[in-house]
Amino acid sequence: MQDRYDFKAIEGKWQKIWADENAFRTTEDYDKKKYYVLEMFPYPSGKLHMGHVRNYSIGDVIARFKKMDGYNVIHPMGWDSFGLPAENAAIKHGIHPFVWTNDNINDMHNQLNSLGLSYDWDREVATCKPDYYKWMQWIFIQFYKKGLAYKKDQAVNWCPDCQTVLANEQVVDGCCERCKTPVTKKYLSQWYLKITEYADRLLNNLDTLPGWPDKVKTMQKNWIGRSEGAEVSFKIDGTDKDLVVYTTRPDTLFGVTYMVLSPEHPYVKELTAGTEYEEAVNAYVAEAARKSEIERTSLTKEKTGEFIGYYCVNPVNGKKVPIYISDYVMMDYGTGAIMAVPAHDQRDFDFAKVFGLDIIPVVDVPDVDLDNLQEAAVAEGTMINSGQFTGMNNREAIKEIIKWLEAEGIGKKTVNYKLRDWLISRQRYWGTPIPMVYCEECGWVPEKEENLPVLLPTDVKFTGKGDSPLTTSETFKDTVCPCCGKPAHREIDTMDTFLDSSWYFLRYCDAKNDKLVFDSKKVNYWMNVDQYIGGVEHAILHLMYARFFQMVMYDLGLCEYEEPFKNLLTQGMVIKDGAKMSKSLGNVVSPAEIQDKYGADTARLFILFAAPPEKELDWSDDGVAGSYRFLCRVYTLIYDYITKIKGDTTEFGKIEIRNEADKKLNYKINATVKKVSEDVGGRFNFNTAISSIMELVNEMYKYKSNAEMNLPLFNDAITKLLIVLNPFVPHITEELWAELGHEDRLYQVTSWPEFDESALVLDEVEIIVQINGKLKDKLVLPNNTDKEVVEAAAKGLEKIKAELDGKELVKSIVVPNKIVNFVVR
RNA sequence: GCCGGAGUGACGGAAUUGGUAGACGUAGGGGACUUAAAAUCCCCCGAUAGAAAUAUCGUACCGGUUCGAGUCCGGUCUCCGGUACCA
């Protein structure tokens with residue numbers, strides 16, 4: 001046996017053995033309890049960073065622990081391999097995206113293996129491969145058949161410099177992520193998925209997910225943005241048109257002093273065409289369209305607008321109020337038009353101040369001077385100036401006014417969401433082709449399922465300019481209509497890559513199936529994901545899309561769970577010197593560099609030890625060295641045991657506790673097993689689990705040098721130490737396990753140690769003695785000593801005697817085995 | 001602005017139901033071993049006063065509940081994250 005910890009040799013040796021033995025392959029065993037551990041699969045950029053290492057180390061500890069704890073564990077890995085970087089590499093360097101991506105996948109696969117992660121590689125998927133995107137297309141067609149996919153014209157994010165549509169996630173603070181140009185809007189015909197139809201379910205089901213962080217649930221709740229209110233119809237004076245507005249404050253209907261349309265509202269053109277207002281209004285509309293997203297949504301900006309020459313009639317009091325257009329009203333929320341109540345809405349108040357419009361209070365809010373409003377009064381209050389509703393509490397009035405509107409047929413109760421339908425078209429090459437065909441006769445028709453996959457053509461030019469790259473293919477666009485057989489053409493946009501990642505966890509359950517998207521029996525066995533782990537940056541997008549997909553799959557009868565992820569752990573960022581690791585800051589520490597210097601086990605151990613998983617992790621080079629030192633200590637301890645203590649012993653016999661030192665060590669062994677079981681199995685506090693193992697090792701060193709060796713006991717300590725340490729640092733523990741002469745592999749051990757509760761019962765306990773809640777002295781007494789005896793013993797202490805002398809003892813509190821508190825005056 | 005979360009030694013962090021604040025690790029100090037250094041091992045390490053025993057203070061700040069508060073309640077400040085003209 002090597003006398004020093006040669007991590008390079010050890011890690012290389014075991015990685016090869018695990019690969020040769022296909023050590024982490026799992027199969028369905030329908031009688032066995034399963035556990036699904038999933039880490040968010042990476043985009044194959046080519047290089048693993050510390051965030052990945054953290055993510056996968058957390059998952060690996062859980063997977064290895066659950067396996068040892070007797071579960072049938074599925075722990076898969078794959079590649080979210082469609083996306084922009086591959087295409088940019090093609091534009092820049094002329095490498096085909098497929099080649100670039102494949103090389104990266106191979107590199108990263110090796111990097112993952114070099115960390116000793118326990119993946120079942122037989123289940124590997126790559127979203128850019130036809131055997132995956134074939135089923136992506138199949139799913140899209142199911143959505144289409146269910147009426148959940150549709151095409152429509154709408155304004156989308158457009159980067160004028162890159163000449164392309166951008167995904168929402170590529171718009172950062174209103175600017176293009178690549179070239180920093182402010183993003184504008186452009187009208188394009190695009191495919192959408194009807195996620196809004198699932199808004200209520202997506203919202204309500206959040207309550208069925210106690211294993212999700214509240215933070216993420218709140219973020220989704222806000223994103224869905226449900227609000228209750230009413231639609232109210234206003235007659236436009238001198239026309240036969242009605243203007244419908246949405247409001248959450250129907251109680252303020254009597255305070256309406258003007259109306260506002262969004263500049264994009266269809267009525268704007270219709271009403272102003274040929275009037276004296278047309279020119280000014282058109283100029284305003286053009287200006288609004290020209291404005292970037294940041295300019296338009298800037299809060300500090302003064303309100304602007306134009307009168308369009310028409311008036312509405314307020315249905316509650318017959319009052320005529322002017323109609324304006326303003327860019328503070330958005331076309332894509334509510335009805336694109338509002339009733340303005342400046343007395344009770346700050347934006348309306350600001351607008352009214354600029355245009356000199358009336359401000360009429362209709363809710364008397366306590367402690368507000370209604371005759372001299374400095375800002376909108378938004379709080380609760382009593383209705384005034386509101387006809388039959390005057391005198392009511394305004395919350396009450398909301399319900400009553402809605403009732404009245406419905407009875408009169410001029411309004412109705414309405415629920416609105418901020419959530420929009422999901423725009424999934426991309427003018428990109430490197431994504432799943434949308435399997436739809438346009439026929440002059442039949443319109444949009446899905447490709448026949450037997451013709452799937454619709455393959456990505458290879459004869460495409462990558463320029464980064466102009467239309468979708470697929471238009472440059474000679475072979476792709478022209479086809480025949482799946483319906484009538486006449487010449488037709490294919491959709492040339494590809495799918496948002498977020499679709500690919502919305503169901504990959506289902507495909508893992510049956511990754512090789514070429515007949516079906518997956519076998520429902522397998523999916524129903526493995527799903528849902530027991531523990532999902534990933535960065536909080538996916539809190540809304542990916543985690544909501546995946547929930548949406550799962551619900552649709554459920555509705556299609558493909559699986560029996562409505563929610564994909566039972567428990568969610570959002571790991572914190574890895575930072576250094578107070579900032580996120582980034583090239584521009586020059587504070588990047590590469591995993592390869594650490595693995596080279598200290599090994600994968602050290603990297604894993606440090607990253608799990610330095611902070612609890614959901615917190616930010618502050619990278620410290622000294623801290624890494626400390627973790628390495630600990631592993632050297634473990635190695636040396638067991639090396640000494642094997643070479644100097646154990647000798648040729650193979651049968652250890654029954655453990656007998658002979659003395660205090662034995663008892664202390666036995667206590668520590670059991671306390672450590674208990675602590676690690678709870679911290680890893682329950683609350684995922686790996687940092688405290690590791691610290692307790694460090695304490696055990698410290699204790700074992702002390703025992704080894706000071707106590708008379710009890711070989712069976714010490715052997716028990718060694719065995720359990722290796723088992724509880726294994727999920728964190730699999731290589732060194734596997735090596736030492738083999739050196740100890742075990743025939744089986746440590747990764748095959750499926751009996752997590754039990755702890756002996758009786759070993760944790762101490763003969764004597766330390767009891768704290770307080771005067772008025774302040775620690776004064778300590779007392780050592782037999783376990784479970786009677787209250788009276790404890791109190792008497794405490795009173796007998798010299799210090800306590802002195803403290804009590806001459807004072808009145810008001811009360812004594814005795815908490816068995818813990819504390820005595822004397823209250824004195 | 002609104003919605004979350006967090007403030008504990010020099011630093012990362014412990015303290016799981018209200019019961020010894022600072023486990024474990026890092027940095028620092030001292031010692032052993034060594035010709036020396038590294039490595040390793042041992043001891044000390046919240047602040048103030050004191051030679052020490054010890055005393056007082058101490059978990060962002062102010063107040064409250066309690067025999068007892070890092071932990072519970074009310075208020076304030078700071079930092080971080082999300083979101084934002086959503087009617």
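From a predicted model like this one, the values you see are computed outputs, not experimental measurements. Chain A is the first sequence line, chain B the second, and so forth, proteins listed ahead of strands; every chain is numbered from 1.
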**Q.** Stems formed with participation of RNA chain B [Watson-Crick or G-U wobble, under 3.5 Å, three or more pairs]
**A.** B:1-7 with B:77-83, B:10-12 with B:24-26, B:28-32 with B:40-44, B:46-49 with B:54-57, B:60-64 with B:72-76
Would you state whether a donor and an acceptor, one from the side chain of [X] and one from the base of [N], lie under 3.5 Å apart?
X        : N     : result
A:Lys675 : B:U16 : yes
A:Glu766 : B:U20 : yes
A:Lys303 : B:C85 : yes

Q: Could you tell me whether A:Glu380 and A:Arg395 make a salt bridge, using a distance below 4.0 angstrom between a side-chain N and a carboxylate O?
A: yes
Q.
Between the side chains of A:Glu791 and A:Lys795, is the shortest nitrogen-to-carboxylate-oxygen separation below 4.0 Å, so that they form an ion pair?
A.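 Salt bridge between A:Lys795 and A:Glu791, a charged N being under 4.0 Å from a carboxylate O: yes.
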(Q) Both conditions, 6.0 Å and 45 degrees, for the charged tip of A:Lys664 above the ring of A:Tyr703: are they met here? (A) no
Q. Taking the six-membered ring of A:Phe728 as reference, does the NZ or CZ atom of A:Arg604 fall below 6.0 Å from its centre and within a 45° cone about the axis?
A.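 Not flagged: A:Arg604 not positioned over aromatic ring of A:Phe728.
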Q) A:Phe609 has a side chain; which of B:G25, B:U26, B:G13 sits nearest to it? A)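 Among B:G25, B:U26, B:G13, the one nearest the side chain of A:Phe609 is B:G25.
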Q) If you pin A:Lys776 and A:Gly623 to their nearest nucleotides in RNA chain B, which one's is more 5'? A)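 Taking each residue's closest nucleotide, the earlier one in sequence belongs to A:Gly623.
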**Q.** Whichever of A:Asn222 and A:Val815 has its nearest RNA chain B nucleotide further upstream toward 5'
**A.** A:Asn222
Q. When you check the phosphate oxygens OP1 and OP2 of B:C41, does a side-chain N or O of A:Arg633 lie under 4.0 Å from one of them?
A.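 Result: yes.
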Q: Examine B:G19: is either OP1 or OP2 under 4.0 Å from a nitrogen or oxygen in the side chain of A:Lys818? Give yes or no.
A: no
